[in-house]
Colleague: 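Have a look at this one.
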Amino acid sequence: MSATDVFAPAKINLTLHVTGQRDDGYHLLDSLVVFAPVGDRLRLTPDGALSLQVDGPEAAGVPSDGSNLVLRAARMAGQESGQITLTKQLPASAGIGGGSSDAAAVLRALGRDVPPEQIAQLGADVPMCMKPRPQRVQGIGEQLSVAAIPSLPALLVNPRVSVPTPSVFKALRDKTNPPMPETLPKFADRSDCIDWLATQRNDLQVPAMMLTPAVGVVLEALHTLPGTRLARMSGSGATCFALFDDTEAMRFAEISLRAAHPDWWIASGLLGDQVQKSAPSMATQEA
Ligand SMILES: C[C@@](CO)(OP(=O)(O)O)[C@H](O)COP(=O)(O)OP(=O)(O)OC[C@H]1O[C@@H](n2ccc(N)nc2=O)[C@H](O)[C@@H]1O
Ligand SMILES: Nc1ncnc2c1ncn2[C@@H]1O[C@H](COP(=O)(O)OP(=O)(O)O)[C@@H](O)[C@H]1O
């Protein structure tokens with residue numbers, strides 16, 4: 001039998017409003033999420049007992065045992081056989097949901113009906129990664145509604161410092177912040193969308209910068225690039241994104257950033273575009 005290849009795109013929180021906290025400690029969110037054409041790749045081969053091999057430029061430190069979300073998702077779907085190779089292109093613990101997107105990609109590839117409540121047990125980010133398209137995410141990550149977002153030329157930048165999500169939530173002082181408007185605006189065009197995004201927030205950005213000063217260094221570098229319209233952190237960090245008016249401005253800024261910071265993980269491409277299953281167009285560079 002032949003192998004199945006799946007693409008697990010990076011998740012970007014264009015906004016991330018923390019609007020409350022549940023009794024169990026989980027935080028209520030209101031977030032606009034898009035996906036990028038950069039991501040991990042998975043190959044599922046149907047022979048032998050269920051096993052996982054992790055390779056690729058970002059594999060270091062990613063577990064290949066039963067704690068990997070890929071194996072947890074496969075077992076949850078009732079899969080007992082087959083070799084899975086996970087090629088990590090996304091840095092781990094980076095606020096771009098790498099592990100969650102990997103888990104969702106396996107569930108998509110296996111095509112079994114797993115109840116949404118079970119999928120959410122893999123992680124708050126996994127439900128939104130099941131259908132990688134622009135969406136508004138509420139609750140603790142389980143309430144999803146499709147959103148209309150124009151494609152956004154972006155740089156994604158990680159200073160190669162991992163940030164544990166629980167510590168960032170813990171460091172957030174005010175847990176109850178305003179949500180996004182009940183009805184999202186209808187964007188006339190890309191520029192209109194970026195203008196509106198600039199009025200919104202990532203409430204985890206300040207606590208992440210306090211815990212990890214490198215986040216502030218990245219944001220400063222992105223703000224000073226030519227053509228940056230908006231720079232913000234994604235998720236709990238440390239990956240940040242910068243948005244541009246067009247792909248030319250994005251590429252120009254990318255060249256300058258790569259020259260200044262050859263040690264950072266940098267990717268570029270159109271966020272929110274229909275993510276291609278097998279032919280991602282985002283360029284990445286290894287350190
Ligand atoms: C912050 C976000 C925003 O999209 O992204 P990342 O930074 O992980 O990419 C997510 O909510 C993260 O989702 P995920 O990383 O899957 O979370 P989980 O594994 O379920 O939870 C990790 C820890 O984050 C905290 N957590 C997570 C989600 C949430 N709504 N409230 C929380 O307080 C809890 O401390 C939890 O123990
Ligand atoms: N497939 C996977 N890819 C990356 N990390 C994984 C995976 N499975 C489990 N993990 C563990 O999950 C943690 C969070 O990883 P990740 O999903 O990349 O974080 P984030 O959502 O912040 O980007 C890592 O520290 C790693 O130990």
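Numbering of ligands and ligand atoms starts at 1, following listing order. Counting from 1, the numbers follow the sequence of the chain as shown. Small disclaimer: the values here were computed from a predicted structure and weren't measured.
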Colleague: So is K88 touching ligand 2 or not, going by heavy atoms under 4.0 Å?
Modeller: yes
Colleague: Give a yes or no on whether K131 atom NZ has more than 12 heavy-atom contacts from other residues, nucleotides or ligands under 6.0 Å away.
Modeller: no
Colleague: Can you check which of D102, D125, V62, V126 brings a heavy atom nearest to atom 6 (C) of ligand 2?
Modeller: V62
Colleague: Determine, using heavy atoms of S234 and all atoms of ligand 1, whether some pair is separated by less than 4.0 Å.
Modeller: no
Colleague: Does a salt bridge link D195 with R229, judged by any charged N lying under 4.0 Å from a carboxylate O?
Modeller: yes
Colleague: To check you understand the geometry: which heavy-atom pair defines the closest contact between G99 and K88, and what is its length?
Modeller: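 Taking G99 first and K88 second, the nearest heavy atoms are N-NZ, 4.1 Å.
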Colleague: Does the side chain of Q200 come within less than 4.5 Å of P181's, by heavy atoms?
Modeller: yes
Colleague: For C240 versus V218, what's the shortest heavy-atom pair and its separation?
Modeller: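 Scanning both residues, the minimum pair turns out to be CB-CG1, 3.8 Å.
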Colleague: With a 3.5 Å distance limit and no angle check, can you tell me whether D40 reaches the backbone of Q89 through a side-chain donor-acceptor pair?
Modeller: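 Flag set: sc D40 to bb Q89 pair under 3.5 Å.
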Colleague: Non-hydrogen atoms of G235 versus ligand 2: any pair closer than 4.0 Å?
Modeller: no
Colleague: Name the closest protein heavy atom to atom 36 (C) of ligand 1, giving the residue it belongs to and the distance to 0.1 Å.
Modeller: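 The closest one turns out to be Y26 OH, 3.7 Å.
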Colleague: Look at the aromatic rings of F169 and H27 and report parallel, tilted or perpendicular, splitting at 30° and 60°.
Modeller: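 The rings of F169 and H27 lie parallel, inter-plane angle below 30°.
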Colleague: Under 4.0 angstrom from ligand 1, any heavy atom of G141?
Modeller: no
Colleague: Where is the nearest protein heavy atom to atom 9 (O) of ligand 1: which residue, which atom, and how far?
Modeller: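 Going by distance alone, atom 9 (O) of ligand 1 is nearest to K11 NZ, 2.7 Å.
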Colleague: Considering heavy atoms of the protein only, find what lies nearest to atom 11 (O) of ligand 1 and give residue, atom and distance to 0.1 Å.
Modeller: L29 CD1, 3.5 Å
Colleague: Between V54, N68, V168, flag the one that comes closest to atom 7 (C) of ligand 2 by a heavy atom.
Modeller: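 Shortest heavy-atom distance from atom 7 (C) of ligand 2: N68.
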Colleague: Write out the residue and atom name of the closest protein heavy atom to atom 15 (O) of ligand 1, then the distance separating them to 0.1 Å.
Modeller: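 Closest protein heavy atom to atom 15 (O) of ligand 1: T165 OG1, 4.2 Å.
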Colleague: Looking only at non-hydrogen atoms, which of L69, I96, L42 approaches atom 9 (C) of ligand 2 most closely?
Modeller: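 Going through L69, I96, L42 one by one, L69 has the nearest heavy atom to atom 9 (C) of ligand 2.
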Colleague: What is the nearest protein non-hydrogen atom to atom 20 (O) of ligand 1, stated with its residue, atom name and distance?
Modeller: A124 N, 2.8 Å
Colleague: Are R190 and D245 close enough for a salt bridge, meaning some N to O gap below 4.0 Å?
Modeller: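 Judged by the 4.0 Å cut-off on N to carboxylate O distance, R190 and D245 do not form a salt bridge.
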